[in-house]
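I have placed the structure first, in the form of structure tokens, so that the comments after it can refer back to it.
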Amino acid sequence: MGAQQVREGFVALYGAEPEGVWAAPGRVNLIGEHTDYNEGFVMPFALPHVTVAAVSRRTDGVLRLHSADVAGDAVELRVDELTPESDQGWTAYPAGVVWALREAGHTVTGADVHLASTVPAGAGLSSSAALEVVVALAMNELFGLGLRRWQLARLCQRAENVYVGAPTGIMDQTASACCEAGHALLLDTRDLSQRQIPFDLAAEGMRLLVVDTRVKHAHSDGEYGKRRADCEKGAALLGVDALRDIAYEELDAALERLGDEEEVRRLVRHVVTEDERVERVVSLLEAGDTRAIGPVLTEGHISLRDDFRISCPELDLVVDTAIASGALGARMTGGGFGGSAIVLAEEDDVQTITKAVEEAFAAAGFTAPRVFEAVPSAGARRLS
Ligand code: ADP
Ligand code: MG
């Protein structure tokens, strides 16, 4: 699915050429899970999978939205009537972006939008951020708003938190807006400072596989909220602004101070050790010791499974099977309770591992997983 196809879809729908076509990718998080709302470190990279949007300005206050991936006609809204949490459907994401821009004082007087995506929705690969960021970038350029990438990411997060009503961190939108090809993005979620870390696996004979388990266990939203609240409780009990402020060297002392708060202790241990794992992965990659990040990824999975307790049988089966079949490392990625896992492997082992995972899923009676290779790709951009 390319720019031309989406351009043609726009013309068929709205009867004129779009002013431009933009793309924004989905992402996977290499390491740094559930650290973003604790003001810690994350390290996503962009996928080759993108949401492509053809867009034209309007001056009459009308916002028309259409997705090739959703059945039905274009949805027509008025920009001056957009109201947070008024829309339960997919249009809340793009409408929320327009709302957030206008609420921040930017002039957006309407638009026609037609889009299509190759980012699997609901797989933990951030199709929602891709959708928000592509719309934000198009509006920024068409209306000459002059916003920086990180500012667009902020506004997209606000759209998702306030307009859609989903309490997510800043990672997804920043990844989609700011990643560079051949790199992972080290993001400090406290001050939003960024560093591009070279991550070109193919050049070193390795591959990173994404295994979409195609399950999403129903209780995941509630559990996310609970983890978040308990992390805040941990920070309050320890007298810090956020768990990011507990240094790895202070972890044992901090755990002791938490006494019999067993649940909070586990969560604190995950968050503090996970920030340390991000640091370790950065050091290894910068030293050119890429293979050595494998065991760090696997450690991260064990921490998410046993301490943070957000894995599920499907994700554990991917990780266990991949490791048993020779993977360098593997872990769940994203919010948990389903979604996707990542597997770092030597190029020569990819087929064996893929087959083993597929067979293990069949033997367990699980839905067949979707396995694909993730090449660290470019962030949001204009296509035509
Ligand atoms: P994820 O971001 O992990 O894919 P979310 O639940 O956050 O999962 O976002 C998925 C939602 O985003 C979909 O249910 C849909 O409302 C919206 N969405 C994503 N991509 C598209 C698309 N191409 N067309 C229409 N809606 C989309
Ligand atoms: Mg999402």
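Atoms within a ligand are numbered from 1 in the order they appear, just like the ligands themselves. Below, all heavy atoms of this structure are taken into account, side chains as well, without hydrogens, waters or symmetry copies.
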Scan the side chains in residues 104-116 for donor-acceptor partners under 3.5 Å anywhere in the protein, sequence neighbours excluded, and list what turns up.
from	atom 1	to	atom 2	distance (Å)
Thr109	OG1	Arg58	O	2.6
Asp112	OD1	Arg58	NH1	3.1
Asp112	OD1	Arg64	NE	2.8
Asp112	OD2	Arg58	NH1	3.2
Asp112	OD2	Arg64	NH2	3.1
His114	ND1	His66	ND1	3.1

Tell me the contacting part of Val119 for ligand 1: side chain, backbone, both, or neither, using a 4.0 Å heavy-atom threshold, strictly below.
neither
Look at atom 27 (C) of ligand 1 and say which protein heavy atom is nearest, naming residue and atom and giving the distance to 0.1 Å.
Leu131 CD2, 3.5 Å
Can you give me the closest heavy-atom contact between Leu243 and Val272, atom names plus distance?
O-CG2, 4.2 Å
Between Leu297 and Arg331, which heavy-atom pair has the shortest distance, and what is it?
O-CB, 3.3 Å
min-distance protein heavy atom vs atom 13 (C) of ligand 1 -> Ala121 CB, 4.4 Å
Starting from atom 23 (N) of ligand 1, which protein heavy atom do you reach first, and at what distance in Å?
Asp69 OD2, 2.7 Å
Closest to atom 7 (O) of ligand 1 (judged by heavy-atom distance), picking from Ser67, Ala53, Ser128:
Ser128
Heteroatoms of the protein, restricted to N/O/S, which lie under 2.8 Å from the Mg ion (ligand 2)
Ser128 OG
With the side chain counted from C-beta on, respond yes when Met43 and Ile197 share a heavy-atom pair under 4.5 Å apart, and no when they do not.
yes
Option whose closest heavy atom lies nearest to atom 4 (O) of ligand 1, chosen from Ala68, Gly339, Ser127
Ser127
Mark the output for Leu125 as yes if a heavy-atom distance to ligand 1 is under 4.0 Å, and as no if none is.
yes
Among all protein heavy atoms, pick out the one at the shortest distance from atom 3 (O) of ligand 1; state its residue, atom name and that distance to 0.1 Å.
Gly124 N, 3.2 Å
